[in-house]
Amino acid sequence: MMSITEQNLAGKRIASLLDDNSFVEIGGYVTARSTDFNLPQTETPGDGVITGYGVIDGHLVYVYSQDASVLGGSIGEMHAKKIAGLYDLAMKMGAPVIGLLDSAGLRLQEATDALNAFGEIYQKQAQASGVIPQITAVFGRCGGGLALIPGLTDFTFMEGEKAELFVNSPNALPGNTKEKCDTSSAKFQSEETGLVDFVGSEDEILGNIRALVCMLPANNEDDLSYEDCTDELNRACADLANAAGDTSILLSNIADDNLFVELKEAYAPDMVTGFLRLNGTTVGAVANRSEVYDEEGELKESFDSVISARGAQKAAEFVSFCDAFEIPVLTLTNATGFKACKCSEKKMAKAAAKLTAAFAGATVPKVNVIIGKAFGSAYVVMNSKAIGADMTFAWKDAQIGMMDAQLASKIMYAGEDGKVINEKAAEYASLQSSALAAAKRGYVDNIIEAEDTRKYVIGAFEMLFTKREDGPSRKHATV
């Protein structure tokens, strides 16, 4: 039936996403069955959504694409049943679901039937969470209750110019207009809410979905999320220490073939999250960041080496995903504390607690590399050995401790002159804040040269490949 779907934009999106001639349509002859408001007189081919399955680089995936040319792509009873049925198949087969959204929302002519239809989709999504990866891409309108669909998925893409994503439209917000602040825009949803992972053109989005699918396991029991590695396992990464500020660059340097797929790049840039391959195995990465460089190598933005509430929440959600799908986690730690501002403070304690719980509760292999300063509670929550890191490395110039040595000296020797303060600071740094001091206490397993990071991290994950860890018996945590 591929010839049928190629006749409209929804079908063309599927054709562009999947391997050539691999799509098989399901439910192509389904139409609306409501008898209210003269719907029988309206043609509703496929009831406004194309559903089926195909492959991406050989990986089985299930896809639905909303057809805005049929009643605006609105969701009614049969529209939802097709999507729910697709989820049932995907769950049975253990394969990802990809939703391409372009819809006017709830189909008013079907009223309570349409409301129930929304609920059926939500139910399937909730059941599939943590079992199969769920990906959505917003190409047109995605408003009201439909906005919950990307909220319930693992990864969300959004077209940067025409797409709209909102629960309440911008003009419905008291004191706001779309011209004043377009809360439905890709910019707002990626930078302010953190709901959107990638923003780009349609072609860029479809290409990035393909790349992401190839990185992910098919389901929570799949152990095939790896490929043959052609990169040198012991490859030294010269000048890696110079990338300690922008850890997205650092992660690209140590990754197989220098490929790092960053998620939510525009949201909470102080925390980097994304996927890379190490010796062919997919690994999730979480890293503190204090600098952002553009593609030309120019410094774009810089900030303190601290953890923000948004950054902690972003990292916690990512670690939770990795743990659900048995993806090992690598952390790069460089944090001197938590962000100190009124806005961040409103959510800081809860967000930091969620990050702590995510790391502590994750049973996948966890490796931490301390690449800079690791002070106070910020160090502890960043996958420290105390909360469950299996292996911890530190660059030789890393600092690990309660706080900066100079500040600690000023507190402990208040009233003393500058010479005494400096002497005590040097002594404190040697005895309490150096990587060697932490290693002597067993908090660091090995002190390494920055350029050897790839070699040591790969070795650690190889050793941890057969890790088995069971937590306490409980239904689920409540943090």
Side-chain angles (χ1 to χ4, degrees), residues 194 241 243-248 250 264 267-273 285-292 301-319 329-360 366 368-389 392-395 397-414 421-422 424-426 428-435 437-438 441 443-444 479:
D246 193 339
T247 43
S248 65
L250 194 161
K264 301 189 191 303
Y267 184 72
D270 59 281
M271 189 73 76
V272 175
T273 57
V286 175
N288 303 121
R289 175 164 55 188
S290 58
E291 296 175 333
V292 179
E301 187 178 5
S302 62
F303 23 82
D304 295 334
S305 300
V306 294
I307 300 174
S308 67
R310 286 183 173 186
Q313 182 69 31
K314 170 182 171 180
E317 291 176 358
F318 179 74
V319 172
V329 175
L330 167 68
T331 50
L332 304 179
T333 300
N334 182 20
T336 60
F338 297 110
K339 187 173 182 178
C341 72
K342 183 178 179 180
C343 183
S344 192
E345 190 65 19
K346 293 177 182 178
K347 299 181 179 180
M348 192 70 253
K350 191 64 176 179
K354 285 185 177 293
L355 180 57
T356 304
F359 278 126
K366 295 174 288 188
N368 186 21
V369 182
I370 301 170
I371 62 173
K373 296 179 179 180
F375 292 155
S377 298
Y379 149 64
V380 176
V381 305
M382 275 298 294
N383 192 31
S384 66
K385 190 168 282 289
I387 62 171
T392 299
F393 301 102
W395 288 359
D397 294 328
Q399 299 177 50
I400 307 162
M402 181 66 70
M403 62 180 69
D404 178 78
Q406 194 73 22
L407 179 58
S409 178
K410 288 180 179 180
I411 294 173
M412 291 188 295
Y413 297 94
I421 295 292
N422 290 336
K424 294 301 181 181
Y428 187 92
S430 176
L431 295 176
Q432 291 288 344
S433 296
S434 68
R441 290 168 170 80
Y443 306 136
V444 168
V479 178

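When all heavy atoms of Ala312 and Met348 are compared, the pair lying nearest together is CB-CE, 4.4 Å. Residues Val479 and Ala353 share a closest heavy-atom pair of CG1-O, 3.8 Å. Residue Ala352 comes nearest to Phe338 through the heavy atom pair CB-CE2, 4.0 Å, listed as atom of the first residue, atom of the second, then distance. Ala358 approaches Val319 most closely through the heavy-atom pair O-CG1, 3.6 Å. Leu250 and Ala244 get closest at one heavy-atom pair: CD1-CA, 4.2 Å.
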Open item on the list: Apply side chain to side chain donor-acceptor pair (under 3.5 Å) to residues Asn368 and Thr331 and explain how you reach the verdict.
Closed with: CA-CA 5 Å; Asn368 186 21; Thr331 50; 2.8 Å; yes
TODO: Report the C-alpha separation of Asn288 and Met271 in whole Å, then their side-chain angles, then the decisive distance to 0.1 Å, and conclude whether the side chain to side chain contact (heavy atoms under 4.5 Å, CB included) test is met.
DONE: CA-CA 5 Å; Asn288 303 121; Met271 189 73 76; 3.8 Å; yes
TODO: Could you go through the side chain to side chain contact (heavy atoms under 4.5 Å, CB included) check for Ile371 and Thr247 one step at a time?
DONE: CA-CA 10 Å; Ile371 62 173; Thr247 43; 3.7 Å; yes
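Judged by distance alone, with hydrogens and angles left aside, the side-chain atoms of Lys314 form no donor-acceptor pair with the main-chain N or O of Thr273 at under 3.5 Å. For the pair Arg289 (side chain) and Pro269 (backbone), a donor-acceptor distance under 3.5 Å is present. Looking only at distances, no side-chain donor or acceptor of Thr336 sits under 3.5 Å from a matching main-chain atom of Phe375.
The CD1 atom of Ile307 lies 12.5 Å from the NZ atom of Lys339; values are rounded to the nearest 0.5 Å. Taken from CG in Asp397 to CD1 in Ile370, the straight-line distance is 13.0 Å, to the nearest 0.5 Å. With values rounded to the nearest 0.5 angstrom, Met382 atom CE is found 13.5 Å from Ser377 atom OG. Of the inter-residue distances, the one linking Asn383 atom CG with Lys366 atom NZ reads 6.0 Å to the nearest 0.5 angstrom.
Counting heavy-atom neighbours within 6.0 Å of Lys385 NZ, excluding the residue itself, gives a total above 12. Remark: Tyr443 OH is loosely packed, at most 12 non-hydrogen atoms of other residues, nucleotides or ligands lying under 6.0 Å away.
The ring-ring contact (aromatic ring centres under 6.0 Å, His included) check on Phe318 picks up Phe275, with sequence neighbours excluded. In this structure Phe359 satisfies the ring-ring contact (aromatic ring centres under 6.0 Å, His included) test with no other residue, sequence neighbours excluded.
Sorted by first and then second residue, the side-chain hydrogen bond (donor to acceptor under 3.5 Å, both in side chains) pairs with a member in residues 303-313 read Glu192-Arg310, Asp270-Ser308, Gln313-Glu317; sequence neighbours excluded.
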